[in-house]
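Heavy atoms only: backbone and side chains are in, while hydrogens, waters and symmetry mates are out. So you know, we letter chains A, B, ... as the sequences are listed, proteins then strands, and number each from 1.
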Number of protein chains: 2
Amino acid sequence: MNFSFSVLFDETFNLFFMRSSCMSRSRVTIKDVAKLAEVSIATVSNVINGTGRVSLDTQRKVEQAIGELDFAPSASARNLKDKKSSLIAVIVPLLEKGRLQDNPFYWHLVRGIEESARDEKLHVILVGIGPDESFSFIREQHLDGLIFVGAFEDTEVVESVLRLNVPCVFMDSLIDNSDFYQVSLDDELGGYIGTKHLLSLGHERIVLLTGLLKKDGVNYCRWQGYRRALEEAGVPYRPELVYEEPTSSLGGYRAASRIGAKGGGVTAVFALSDMVAIGLIKGLHDLGIQVPRDMSIVGFDDDERARYCIPALTTVRQDIVQKGRTAVRLLTAQIERDHSVERQVTLGVELVPRQSTAPLAARVKD
Amino acid sequence: MNFSFSVLFDETFNLFFMRSSCMSRSRVTIKDVAKLAEVSIATVSNVINGTGRVSLDTQRKVEQAIGELDFAPSASARNLKDKKSSLIAVIVPLLEKGRLQDNPFYWHLVRGIEESARDEKLHVILVGIGPDESFSFIREQHLDGLIFVGAFEDTEVVESVLRLNVPCVFMDSLIDNSDFYQVSLDDELGGYIGTKHLLSLGHERIVLLTGLLKKDGVNYCRWQGYRRALEEAGVPYRPELVYEEPTSSLGGYRAASRIGAKGGGVTAVFALSDMVAIGLIKGLHDLGIQVPRDMSIVGFDDDERARYCIPALTTVRQDIVQKGRTAVRLLTAQIERDHSVERQVTLGVELVPRQSTAPLAARVKD
DNA sequence: CTGAAAGCGCTTACAG
DNA sequence: CTGAAAGCGCTTACAG
């Protein structure tokens, strides 16, 4: 009897021991620190936050106790009082398959955001959302702010986000409301300079290879720039030269045959994403159409791959990392109610001429 | 007097009003729901969590109240009790500049992780860490788990993470300890099949273009596969053909002149990243060296760009999104103490022959 | 300069 | 089946 009891006891003990050594997380609390430093928890709190008045002596005692116990204050407890979490979310649209977009564009965006957020002691949570997503997590987690990429004003999702009344920055969203914080690109200018570059090389039949052309969207603005450039040059706008295709390399690849078809007289293409341009070049290549001899191509973004593509891609450059950093700047201003910061930032674009564009004359000579 | 008092009062009122309408977030609590549904907060809690016994009638009342008030339970309050946060972190090494690595590889990883995490009702927080980073946030935020990418066993950071005793999955880390949860690739096999492919085409002087060759690291294993293939084929291993270069397109580009130099007799290159391979092809192209006529190239990863590269890149394929999904699977198993799940998963690789490799004979004929 | 105490919004035994 | 109450770990007036 005694023996079996002892065994039972030992098992219980072991179980307890294992649980306490494996499961326990963050056991040391402000109370432990207070005890060790022989002060009240209020004082510990004051030392941690630099609030109130604390004598240098107690401060040192407390700091040593914190160090000794390796104390890390619980964010949950803190948030419960403050209603803030030091968490921001980047909300990115999902592909149909329920996965984040595969354009590495987003990665560079996130890189910029993460870097700036880190500087601000904020953490970045990455959220993909589908069309019928619930946003309850934003309130549940007490998110301090949101960066919303590629949203449209009239959408259900935007409506529900706005109702939450949480600091929010829209990116590449072109919502026509100057009350909202937005960072975007001078897309119209991008469309303009890319087109103008081709026009200046003598091209007139220029295909615009775009993604979804939604009113006031990014592509829509670029399309407007395209039209403006044509108009300025006195070249008639032909709607049949605007191809709406999926924004993917495959989309570009598939567009190649349509573009390269004889009789169309197309001599240049402006693809509104490097991703698409690269697929297009490959598609043309497989059809025996050489770039830039037979066809000039301009991309958009200036991915790293634009530079290493063969031929190197002429493109409209945007600084995506900078875009992410700007979004965080606007967001923190909004969180801290710093009204001196502008609400709308439009970043610049720049033409980067490389090898995928050539004068039309060169073709004639051949 | 009365007048000025009234003005003051109005101002105060306005301020109050503005604050309450702009700042207030998530005001409705479980108490409000309880009041509306005419039950206790315990009952509301039980309904929300499906715990305890609740009559169908009260359940409906509570659910309606929740809907009416659009109630979202506070994660902080919940976490404070549960010591869990439904948050996991993906920890990615930083570049020297304090920014996340630019390899889009990470994006695909994150895509896989985010998708799976969403299925598990977990949120993903993305963290870049430098060499002397503090990990206090892991305890502060009560993170439920960690996915650690590209760590090395002996590192300070790994040590401190392990001390935290938080569920953790190491990825591409090759820590030699079977107690740890790890997902990795069959890197040795990858190195082997890539090399073997080139050998089978008749190449013998094969440059291995690798990133940092750290003991037991990813590249190290691939290098071992390279050696095994050579040995099997009876081709002597030449250390001078192993080039350690930065894992970037620029690294590949710069390596081109060294590789293409006359006299070396190099006829093929195995680059351990598509990123590097693409830079290399461009570099060779700029030197007038044609791929695959003059030089065969094999990459690693099978990025999207491998397919659209000119010539399309022969490469060793890995499913990066799947890798991310696997990591989440191991992590949730660990969080839920489901010991039926394996601790180590090694994912497969596959050779994807495309156009950047050709028989050596073809060259001789030229 | 320091501390006792209330309260943030939940969950969880424990009574009834 | 339902509720009163304690407690999670902090912060913040408020006394002293």
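What separates CG of B:N49 from P of C:dG9 is a distance of 17 Å, to the nearest Å. In this structure, the CD atom of A:E38 is 13 Å from the P atom of C:dT2, given to the nearest Å. Per the geometry, CD1 belonging to A:I48 stands 14 Å off P belonging to D:dG9, to the nearest Å. The separation between A:K84 atom NZ and D:dT12 atom P is 10 Å, rounded to whole Å. For A:R78 and D:dC8, the CZ to P distance is 18 Å, given to the nearest whole Å. When rounded to the nearest whole Å, the span between CD of A:E140 and P of C:dG9 equals 15 Å. Atom pair A:I30:CD1 and D:dT12:P shows a separation of 11 Å (rounding to whole Å applied). A:R53 has its CZ atom 17 Å from the C1' atom of D:dT12, to the nearest Å.
Set against D:dC10, C:dG9, D:dG3, the side chain of B:L80 has C:dG9 as its closest nucleotide. Side chain of A:K81, nearest nucleotide from D:dA4, C:dG3, D:dG9: D:dG9. Here the nucleotide nearest the side chain of B:S45, chosen from D:dC8, C:dT12, D:dT11, is C:dT12. Which of C:dA4, C:dC10, D:dC10 sits closest to the side chain of B:I41 comes down to C:dC10. For A:K83, whose side chain is taken as the heavy atoms from C-beta onward, the closest listed nucleotide among D:dA5, C:dG9, D:dG9 is C:dG9. Side-chain atoms of B:V39 lie closest to D:dG3 of the nucleotides D:dG3, C:dG9, D:dT11. Proximity note for A:D82 (side chain, C-beta onward) versus D:dA5, D:dT11, C:dG3: the nearest is D:dT11.
Residue-environment remark: CD (A:E38) stays at or below the threshold of 12 foreign heavy atoms within 6.0 Å.
Contact check on A:D70 versus B:R163 returns no salt bridge, with no Lys/Arg side-chain nitrogen under 4.0 Å from an Asp/Glu carboxylate oxygen. Ion pair A:E115/A:R325 flagged as a salt bridge, since at least one NZ, NE, NH1 or NH2 atom sits closer than 4.0 Å to an Asp/Glu carboxylate oxygen.
Looking at A:S85 and A:Q141, their side chains never come closer than 4.5 Å, going by heavy atoms from C-beta outward. A:Y106 places a side-chain heavy atom less than 4.5 Å from the side chain of A:P93. Between B:F135 and B:L146, every side-chain heavy-atom pair lies at or beyond the 4.5 Å cut-off. Counting only heavy atoms from C-beta outward, the side chains of B:I66 and B:I48 approach each other to under 4.5 Å.
In terms of phosphate contacts, A:S40 brings a side-chain nitrogen or oxygen within less than 4.0 Å of OP1 or OP2 of C:dG3.
Shown for residues 54-67 of chain B: residues whose heavy atoms fall under 4.0 angstrom of DNA chain D, namely B:V54, B:S55, B:T58.
With hydrogens and angles disregarded, a donor-acceptor distance shorter than 3.5 Å links the side chain of A:Q344 to the backbone of A:F180.
Of all heavy-atom pairs between B:L69 and B:V28, the closest is O-CG1, 3.7 Å.
Taking a pair as Watson-Crick or G-U wobble with both distances under 3.5 Å, DNA chain D forms stems of 3 or more consecutive pairs at C:1-3 with D:14-16, C:5-12 with D:5-12, C:14-16 with D:1-3.
Both B:A77 and B:N46 sit near DNA chain C, but only B:A77 has its closest nucleotide nearer the 5' end.
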### Message
Go through it in stages, so that I can follow the logic: the residues are A:S340 and A:D338, the test is side chain to side chain donor-acceptor pair (under 3.5 Å), and I'd like the CA-CA distance, side-chain angles, deciding distance and then a yes or no.
### Response
CA-CA 6 Å; A:S340 71; A:D338 171 1; 2.6 Å; yes
